[in-house]
Amino acid sequence: MQAWHVHQTGEPREVMRLEESVRPEPGEGQVLLKVRAASVNFPDALLCRGQYQVRPPLPFTPGVEICATAEDGRRVLTTCALPHGGFAEYALADAAALLPAPDALDDAEAAALHIAYQTGWFGLHRRARLRPGETLLVHAAAGGVGSAAVQLGKAAGARVIGVVGGPAKAETARALGCDLVIDRHSDDVVATVKQATEGRGADVVYDPVGGDAYTWSTKCVAFEGRIVVVGFSSGSIPSPALGHALVKNYSILGLHWGLYAARAPQTILECHGQLTALAEKGAIKPLVSDRVPLAAAVDAVQRVADGTTTGRVCVLPGLPSGNGTGAADGAGA
């Protein structure tokens, strides 16, 4: 089979190599899966750089989430068991982690449903307790993680304000359903949020960015609001001024979705049931901006690393080289 391997850490374009390889052998409790689609996530870039919290042994195959065919014929979605990730024709996963792929979604959409939408659901519902009618502020609203939060916020009956970087991203955020879109390149984020909420601010802030985005969040979160810290795609991890949290009684909520699989696995199944129901009725649909063949995976990972994509880019091993669809024009999150 063909698989992308990382033999040393660095920028994806410099360290990913497409090579012939033998099919991986499942360990105890694992299953071999034929990859139908692999969604490219920012952690894939961090894995290549050696900056992710999990550091698989070298060489490894990146690709953390897939839609695949199990050996018994089931169409499933799951996270991969590294070092045998999804940017390959075959991958490994824990048998207990397999979830049925929703019939309403194609392979690429199903692959993109898992991590971002589970993270969004846990962040908005379990951590922030988002209520209908509240105002939700989503940073990087046109990206893979942010776009999921936008759709889930709308499905929950919230008013959604999306923060993006650039006109192309703003168009994507509007198409996703944002009630208001703020371009951080040209707009004053804090002033615009306060004006739009008549001075109250956002009840819930969803922040996968960190850095300046977190600082803006503290200035425009509402009284008794909740800031959900999801990640730090900006590369800057803020140090909260905890005394400021007392000024408006706001909460700072951390979210590491992967912990639920280890400590409360039943909640993953419950969440997947909720997401499947939303997908079946059309309330959510992952934004897949580009579908590329396996040979183009390195370019896809690098574009995600550089922040020049909207929604999700998905790698389809069965797609002939030279084919691809969607945006590859730098309209990022």
Side-chain angles (χ1 to χ4, degrees), residues 1-6 16-41 43-44 47-48 52 54 56-119 144 257-258 260-262 265 268-269 271-273 275-276 279 286 288 291-298 300-301 304 312-321:
M1 72 166 192
Q2 285 196 311
W4 285 92
H5 291 146
V6 174
M16 288 179 61
R17 298 288 181 268
L18 185 58
E19 299 172 340
E20 287 294 329
S21 177
V22 297
R23 294 182 186 179
E25 289 290 334
E28 185 176 354
Q30 294 182 333
V31 291
L32 178 69
L33 300 172
K34 183 176 177 60
V35 179
R36 302 170 70 107
S39 176
V40 183
N41 286 262
D44 292 315
L47 281 165
C48 291
Y52 196 52
V54 175
L58 298 170
F60 67 87
T61 298
V64 295
E65 70 174 340
I66 59 174
C67 175
T69 302
E71 291 184 296
D72 59 7
R74 288 179 296 156
R75 180 171 169 263
V76 299
L77 57 84
T78 190
T79 52
C80 293
L82 299 176
H84 301 291
F87 300 148
E89 293 180 288
Y90 290 86
L92 296 184
D94 292 334
L98 302 185
L99 297 169
D103 292 335
L105 304 179
D106 67 23
D107 292 339
E109 293 163 346
L113 178 73
H114 194 37
I115 294 176
Y117 283 82
Q118 286 255 346
T119 299
W257 169 73
Y260 289 99
I268 301 290
L269 300 177
C271 176
H272 185 64
L275 296 177
T276 298
V288 179
R291 293 167 169 84
V292 304
L294 184 60
V298 63
V301 177
V304 170
R312 285 287 189 227
V313 178
C314 289
V315 177
L316 282 67
L319 190 67
S321 295

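In this text the structure is predicted, and so the values were computed from the model without any measurement.
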Student: Is there a side-chain contact between V76 and P100 in this structure, where contact means two heavy atoms from C-beta onward sitting under 4.5 Å apart?
Tutor: no

Student: I need the minimum non-hydrogen distance between A88 and G85, along with the two atoms involved.
Tutor: CB-O, 4.1 Å

Student: Below 4.5 Å, heavy atoms only, C-beta onward: do Y117 and P286 meet side chain to side chain?
Tutor: yes

Student: For C314 and A108, which heavy atoms make the closest approach, and how far apart are they?
Tutor: SG-O, 3.5 Å

Student: So L113 and L77, do their side chains get closer than 4.5 Å, heavy atoms only?
Tutor: yes

Student: Could you state the interatomic distance from CG (L47) to OG1 (T61), rounded to the nearest 0.5 Å?
Tutor: 11.0 Å

Student: Just list the side-chain donor-acceptor pairs under 3.5 Å for residues 62-70, sequence neighbours left out, or say none.
Tutor:
| residue | atom | partner | partner atom | Å |
| --- | --- | --- | --- | --- |
| E65 | OE1 | I115 | N | 2.9 |
| E65 | OE2 | S39 | OG | 3.3 |
| E65 | OE2 | N41 | ND2 | 3.0 |
| T69 | OG1 | R36 | NH1 | 2.9 |

Student: Measure the shortest side-chain to side-chain distance between D107 and R75 over non-hydrogen atoms and say whether it is less than 4.5 angstrom.
Tutor: yes

Student: Would you say that L32 contacts L92 through its side chain, given a criterion of any heavy-atom pair below 4.5 Å between the two side chains?
Tutor: yes

Student: Taking all atoms of both residues into account, what is the closest heavy-atom pair of A295 and S321, and its distance?
Tutor: CB-OG, 3.6 Å

Student: Please round to the nearest 0.5 Å and tell me the distance separating atom CD of E20 and atom CD of Q2.
Tutor: 5.0 Å

Student: Using 0.5 Å steps for rounding, measure from the CG atom of L98 to the CG atom of L33.
Tutor: 6.0 Å

Student: What distance separates L269 CG from L99 CG, expressed to the nearest 0.5 Å?
Tutor: 6.0 Å

Student: Considering only heavy atoms from C-beta outward, does the side chain of P59 approach that of V6 to under 4.5 Å?
Tutor: no

Student: Looking at every heavy atom in both E25 and Q30, which two are closest together, and how far apart are they?
Tutor: O-OE1, 4.4 Å

Student: First locate atom CH2 of W4, then atom SG of C48, and finally report the distance between them rounded to the nearest 0.5 Å.
Tutor: 10.0 Å

Student: Output, in order, the C-alpha distance, side-chain angles, deciding distance and verdict of side-chain contact (heavy atoms from CB on, under 4.5 Å) for E89 and V35.
Tutor: CA-CA 5 Å; E89 293 180 288; V35 179; over 6 Å; no

Student: Roughly how far, to the nearest 0.5 Å, is CG of D94 from OG1 of T78?
Tutor: 7.5 Å

Student: Enumerate the ring-ring contact (aromatic ring centres under 6.0 Å, His included) contacts for residues 82-114, please, sequence neighbours excluded, ordered by first and then second residue.
Tutor: H114-W257

Student: Looking only at non-hydrogen atoms, find the nearest pair between P293 and P320 and report the distance.
Tutor: CB-O, 3.6 Å

Student: With the side chain counted from C-beta on, respond yes when I268 and C271 share a heavy-atom pair under 4.5 Å apart, and no when they do not.
Tutor: no

Student: Looking at every heavy atom in both L294 and P317, which two are closest together, and how far apart are they?
Tutor: CB-CA, 4.0 Å

